[in-house]
Amino acid sequence: MKNIYQTLIAIMLTSFISGCVNYSRDSGVENLWRQPQTFTNGTTTSQQVLTALGPPSQVLSIGKKTIYYYLKEQVTREGLILLIYNETTEVSVFDRAMFIFDQQGVLVDFSYSKLAAKTE
């Protein structure tokens with residue numbers, strides 16, 4: 001009878017110590033560049049991009065060009081935590097957009113990443 005109680009206590013302790021993990025996190029800017037809008041090389045200005053998308057994640061200056069770099073990151077993690085065995089899986093999805101402007105603030109080129117994080 002004592003062995004049965006010890007076994008039951010061990011099972012109960014193991015169930016209290018074990019569990020599942022679900023975690024998600026969004027960071028960066030909202031990926032508004034995925035919504036329908038028109039940016040045209042040679043006519044769109046940096047102010048129009050700022051108005052449409054908001055402030056970029058980074059502003060870079062390379063030579064005589066200015067780059068607006070937008071980044072959105074989504075991370076999800078699922079896992080199983082047991083007394084003896086642990087397993088977790090983490091998936092990160094990045095969505096990026098870059099807009100390159102000349103000295104006058106006119107759009108020279110732009111590009112989006114192929115894999116898109118979900119829009120909010």
Side-chain angles (χ1 to χ4, degrees):
M1 194 67 148
K2 185 177 180 180
N3 285 340
I4 293 173
Y5 288 124
Q6 289 175 341
T7 304
L8 286 174
I9 289 173
I11 290 171
M12 287 174 46
L13 283 175
T14 303
S15 66
F16 287 128
I17 296 173
S18 65
C20 295
V21 176
N22 288 313
Y23 168 81
S24 65
R25 172 179 50 97
D26 286 351
S27 61
V29 298
E30 190 174 349
N31 55 351
L32 297 173
W33 57 89
R34 295 291 176 185
Q35 299 187 12
Q37 50 201 329
T38 304
F39 298 114
T40 307
N41 294 340
T43 58
T44 301
T45 66
S46 60
Q47 187 57 50
Q48 289 171 318
V49 171
L50 286 173
T51 300
L53 304 180
S57 303
Q58 279 186 307
V59 177
L60 307 166
S61 180
I62 299 178
K64 296 181 180 183
K65 296 197 173 25
T66 302
I67 299 174
Y68 289 178
Y69 178 74
Y70 291 86
L71 172 66
K72 175 160 181 85
E73 176 188 16
Q74 291 177 317
V75 177
T76 56
R77 179 182 295 164
E78 295 179 354
L80 177 64
I81 309 294
L82 300 174
L83 188 59
I84 298 174
Y85 174 77
N86 297 320
E87 179 181 329
T88 59
T89 302
E90 181 172 292
V91 176
S92 296
V93 177
F94 295 92
D95 195 6
R96 299 176 179 97
M98 293 178 67
F99 297 85
I100 304 170
F101 301 96
D102 63 15
Q103 284 181 302
Q104 290 74 40
V106 177
L107 188 64
V108 175
D109 200 6
F110 64 97
S111 180
Y112 307 146
S113 58
K114 290 182 181 181
L115 184 59
K118 296 176 189 169
T119 55
E120 307 203 68

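Keep in mind it's a predicted model, so treat the numbers as computed, not measured.
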K.L.:
If I take atom OG1 from residue T76 and atom CZ from residue R25, how far apart are they, to the nearest 0.5 angstrom?
P.N.:
10.5 Å
K.L.:
Give the C-alpha distance, both sets of side-chain angles, the deciding distance and a yes or no for side-chain contact (heavy atoms from CB on, under 4.5 Å) between T44 and F99.
P.N.:
CA-CA 10 Å; T44 301; F99 297 85; over 6 Å; no
K.L.:
Rounded to the nearest 0.5 Å, how far apart are CZ of F94 and CD of Q74?
P.N.:
10.5 Å
K.L.:
Hey, does T43 have a side-chain heavy atom less than 4.5 Å from the side chain of L107?
P.N.:
no
K.L.:
Heavy atoms only: give me the nearest K72-V29 pair and the separation to one decimal.
P.N.:
CB-O, 3.4 Å
K.L.:
State which residues pass side chain to side chain donor-acceptor pair (under 3.5 Å) with T89; sequence neighbours excluded, sorted by chain then number.
P.N.:
none
K.L.:
How about V49 and F110: do any of their side-chain heavy atoms sit closer than 4.5 Å?
P.N.:
no
K.L.:
Can you hop from V106 to L50 via hydrophobic side chains spaced under 4.5 Å?
P.N.:
no
K.L.:
Strictly distance-based, threshold 3.5 Å: is any side-chain N or O of Q35 a donor or acceptor partner for the main-chain N or O of L32?
P.N.:
no
K.L.:
Can you name the nearest heavy-atom pair linking V75 to S92, along with the distance?
P.N.:
CG2-OG, 3.6 Å
K.L.:
Any chance you could measure S46, atom OG, to Q104, atom CD, to the nearest 0.5 Å?
P.N.:
10.5 Å
K.L.:
The criterion is salt bridge (Lys or Arg N to Asp or Glu O under 4.0 Å); which residues satisfy it with E90, sequence neighbours excluded?
P.N.:
R77
K.L.:
Tell me, yes or no, whether the heavy-atom count around E78 atom CD, taken from other residues, nucleotides or ligands under 6.0 Å, exceeds 12.
P.N.:
no
K.L.:
Mind listing the side-chain donor-acceptor pairs of residues 59-71 below 3.5 Å, one per line with the distance, residues two or more places apart or on another chain?
P.N.:
{"from": "Y69", "atom 1": "OH", "to": "R96", "atom 2": "NE", "distance (Å)": "3.0"}
{"from": "Y70", "atom 1": "OH", "to": "G54", "atom 2": "O", "distance (Å)": "2.7"}

K.L.:
For the residue pair S113 and D95, what are the closest heavy atoms and their distance?
P.N.:
OG-OD1, 2.7 Å
